[in-house]
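This report concerns only the one structure given below.
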Amino acid sequence: MQRTLLFALISSTALVGCHRAAMRPAEAEAAAAADAAAAVVVTGSRVKHAEAMMMAPPAAPPAPQKPLYVGVLPSAEIANTEQYEAREDNPIHRASEQLVSTFSVDVDTGSYSNVRRMLNDGIRPPADAVRAEEFINYFHYGHPAPTRADTPFRVTTELAPAPWNAKRQLLMIGIKGYEVPAAKLPPANLVLLIDTSGSMDEPDKLPLLKRSLALLVRQLRPQDRVSIVVYAGSAGLVLPPTPGNRQGEILAALERLQAGGSTNGGEGIQLAYAMAKQAFIPGGVNRVLLATDGDFNVGVVDRRALETLVADQRQHGIALSTLGFGKGNYNDEMAERLADVGDGNHAYIDTALEAQRVLVQQMGGTLHTIARDVKVQVEFNPAHVAEYRLIGYENRLLRREDFANDKVDAGDIGAGHEVTALYEITPVGSGVERVPALRYGGAVATGGANSGELAHLRLRYKQPGGADSQLIETPIAASALAQRPSNALRLAAGVAGFADALRGGTHLERWNWTAIESTVRGARGEDKDGQRAELVRLIQAARGLSEGGATPGVSE
């Protein structure tokens with residue numbers, strides 16, 4: 001139904017364009033002026049009608065930018081200036097030399113939906129656009145949830161042979177957040193910070209953004225408050241804090257937005273935080289939702305200055321989440337990093353269905369935090385583990401001493417969120433070790449009373465508003481090794497393999513595209529929303545692009 005509605009909206013827009021093309025010049029000019037009069041453009045802190053802006057001189061064309069990669073779209077070849085943070089895969093560690101692995105949790109999923117957009121457009125994604133943990137965490141694996149509200153989440157583990165090499169093992173760590181019923185969510189003070197710069201004037205940017213946020217607005221309650229701030233050449237307030245039951249007024253303000261001008265994101269963020277402070281709800285959800293293609297080009301553009309601003313406001317109880325839109329100039333690096341330091345999460349919206357998933361189905365997790373600064377530390381027993389490798393989380397790694405330091409920021413978990421992490425383990429005596437032992441590496445410990453443990457899992461978290469972390473500890477027995485992985489672990493392994501193949505296939509060993517697809521197909525299980533079937537199609541598309549041929553036909 002949603003796809004049909006989206007097609008109808010696109011079709012109706014196309015019909016209007018055809019009608020305009022058939023008009024005589026005078027008629028077309030009059031129709032364009034009428035449309036402009038109905039739209040609003042924000043300049044400074046005041047809202048003006050678009051006809052006032054028509055007197056401004058035309059903007060100079062932008063200087064050509066050096067493409068980071070070139071993607072072939074169905075209609076033409078375009079230069080792509082999208083920005084992604086460079087990263088290298090986590091190394092393989094010998095347990096006898098480095099016993100401990102520490103990282104911050106991550107519930108972002110933007111990398112997966114962004115790469116999906118590229119594959120659907122027939123573009124081979126750049127390796128740095130692929131973050132394995134965001135691919136893995138896009139899917140749900142049925143981790144058991146806590147049964148009481150005073151326990152924010154439950155931690156479980158599974159150990160089984162790795163599908164790409166039966167002599168290795170996969171350790172899956174699952175964290176499931178407590179499900180808070182929508183009726184019991186605390187009141188929300190939301191500031192919608194919307195990029196209305198000229199770069200947003202594309203169908204997959206501002207128009208999709210407005211439809212997406214309209215879905216969120218329809219979930220608001222009378223106790224909620226929403227403000228709308230926009231930024232282009234300068235920032236402006238479109239809607240002051242307004243009760244959530246005045247949805248007609250909020251939706252009308254959204255609908256009137258129009259793209260134009262350069263991008264002063266720094267000034268917009270400052271105004272958004274001012275509105276968040278004005279309507280601050282003690283004990284409630286206070287959050288800025290930044291919706292943008294991330295193309296900051298005037299004003300406060302230094303990422304470090306923006307990060308400092310966002311981190312300062314986080315200390316005052318105002319979080320920041322980011323929603324990415326569009327292609328061609330998408331700044332993934334900026335959007336992801338600001339969400340990280342803002343105690344928020346980052347999602348990329350490529351379709352109306354993805355907006356439904358993020359802003360309706362997962363609204364509680366997107367907005368309401370149940371645990372802050374969640375850190376995971378795994379200590380491996382070198383009597384059983386020769387080597388280990390954490391899959392993904394490269395920009396979430398923490399130093400060993402950071403784990404118990406409550407001043408060190410880490411990721412947050414929202415209501416109902418799942419977090420999944422995978423470790424590839426090479427057992428002692430397996431004969432498939434990849435890192436030679438050091439000459440002076442020292443003797444392997446026997447483990448003493450804990451000799452039956454493969455590893456020891458520690459997790460720290462803070463209650464919302466709390467300053468001191470709480471510790472959860474779980475030993476992982478070597479005897480917990482299952483003969484066959486569950487469907488959940490097989491699916492997670494298949495998704496991890498897909499991400500690795502897109503990044504170059506360094507760790508796939510005996511796996512190839514056919515094996516990855518077969519594993520995912522065999523682990524699909526119940527697929528109510530069709531996301532796992534879509535994953536199979538994306539694997540097929542990626543295989544066709546990586547092998548230099550046309551995208552293969554889809555078969556189920």
Side-chain angles (χ1 to χ4, degrees), residues 88-103 132 136 156-174 376-394 397 420-457 474-501 503-512 514-516 518-519 522-523:
E88 295 182 1
D89 292 343
N90 287 323
I92 300 165
H93 294 289
R94 284 193 67 90
S96 60
E97 299 162 9
Q98 186 166 329
L99 296 175
V100 176
S101 171
T102 310
F103 65 96
I136 294 169
T156 55
T157 61
E158 180 181 350
L159 182 68
W164 49 80
N165 187 334
K167 292 186 177 182
R168 304 194 196 281
Q169 298 171 2
L170 268 186
L171 171 63
M172 180 167 71
I173 299 171
V376 175
Q377 186 173 82
V378 181
E379 180 181 349
F380 291 95
N381 183 355
H384 292 282
V385 178
E387 299 170 346
Y388 67 87
R389 176 176 67 92
L390 174 62
I391 299 176
Y393 294 91
E394 285 84 4
L397 299 180
T420 303
L422 296 176
Y423 280 95
E424 180 193 56
I425 293 172
T426 303
V428 169
S430 62
V432 291
E433 294 86 347
R434 289 167 291 190
V435 180
L438 293 175
R439 181 179 180 89
Y440 307 108
V444 175
T446 62
N450 301 318
S451 59
E453 294 178 5
L454 179 89
H456 192 76
L457 171 65
T474 303
I476 303 170
S479 60
L481 178 69
Q483 293 302 310
R484 288 178 54 84
S486 66
N487 272 355
L489 182 51
R490 291 176 64 207
L491 176 63
V495 176
F498 178 37
D500 191 79
R503 287 184 56 80
T506 307
H507 305 287
L508 290 179
E509 295 194 77
R510 302 171 187 173
W511 255 18
N512 54 24
T514 301
I516 294 170
S518 176
T519 298

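Positions are given from 1 along the sequence.
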Contact summary for Leu99 and Pro382, nearest pair of heavy atoms: CD2-CD, 3.5 Å
Side chains of Pro161 and Gln169: does their closest heavy-atom pair fall under 4.5 Å? no
On a heavy-atom basis, the closest approach of Ala132 and Ile391 is CB-CG2, 4.1 Å
Mind jotting down which residue pairs meet the salt bridge (charged side-chain N to carboxylate O under 4.0 Å, His left out) criterion with at least one end in residues 424-433? Sequence neighbours excluded, please. Arg389-Glu424, Glu424-Arg434
Determine the interplanar angle of the Tyr423 and Tyr388 rings, folded into 0 to 90°, and report it as parallel if under 30°, tilted if 30 to 60°, perpendicular if over 60°. perpendicular
Measure across Ala477 and Leu159 and return the closest heavy-atom pair with its distance rounded to 0.1 Å. O-CD2, 4.3 Å
A side-chain contact here means heavy atoms from C-beta on lying under 4.5 Å apart; do Ile173 and Val378 qualify? yes
CG of Asn487 to OG1 of Thr519: how many Å apart, nearest 0.5 Å? 11.0 Å
Any heavy-atom pair between the side chains of Leu397 and Ser101 that's under 4.5 Å? no
Passes side chain to side chain contact (heavy atoms under 4.5 Å, CB included), Leu454 versus Ile425? Steps please. CA-CA 10 Å; Leu454 179 89; Ile425 293 172; 3.8 Å; yes
Between Pro427 and Lys167 the two heavy atoms that sit nearest each other are CD-O, 3.2 Å
Enter the distance from Glu379:CD to His456:NE2 here, rounded to the nearest 0.5 Å. 7.5 Å
For a quick test of reading the model, state the closest non-hydrogen atom pair linking Glu509 to Arg168 and the distance between them. OE2-NE, 2.6 Å
Just wondering, do Asp500 and Asp89 contact through their side chains at under 4.5 Å, heavy atoms? yes
Against Leu489, only a single residue in Leu170, Leu171, Thr420 fulfils side-chain contact (heavy atoms from CB on, under 4.5 Å); can you say which? Leu170
What's the separation between atom CD1 in Ile476 and atom CD in Glu453, rounded to the nearest 0.5 Å? 9.0 Å
Can you tell me how the ring of Trp511 sits relative to the ring of Trp164, calling it parallel under 30°, perpendicular over 60° and tilted otherwise? perpendicular
Ignoring hydrogens, what is the shortest heavy-atom contact between Val435 and Glu387? Give both atom names and the distance. N-OE2, 2.6 Å
Going from CG on Leu422 to CD1 on Ile136, what distance comes out if it is rounded to the nearest 0.5 angstrom? 4.5 Å
NE2 of His384 to OG of Ser479, rounded to nearest 0.5 Å, is 9.0 Å
If I take atom CZ from residue Arg94 and atom OG1 from residue Thr426, how far apart are they, to the nearest 0.5 angstrom? 9.5 Å
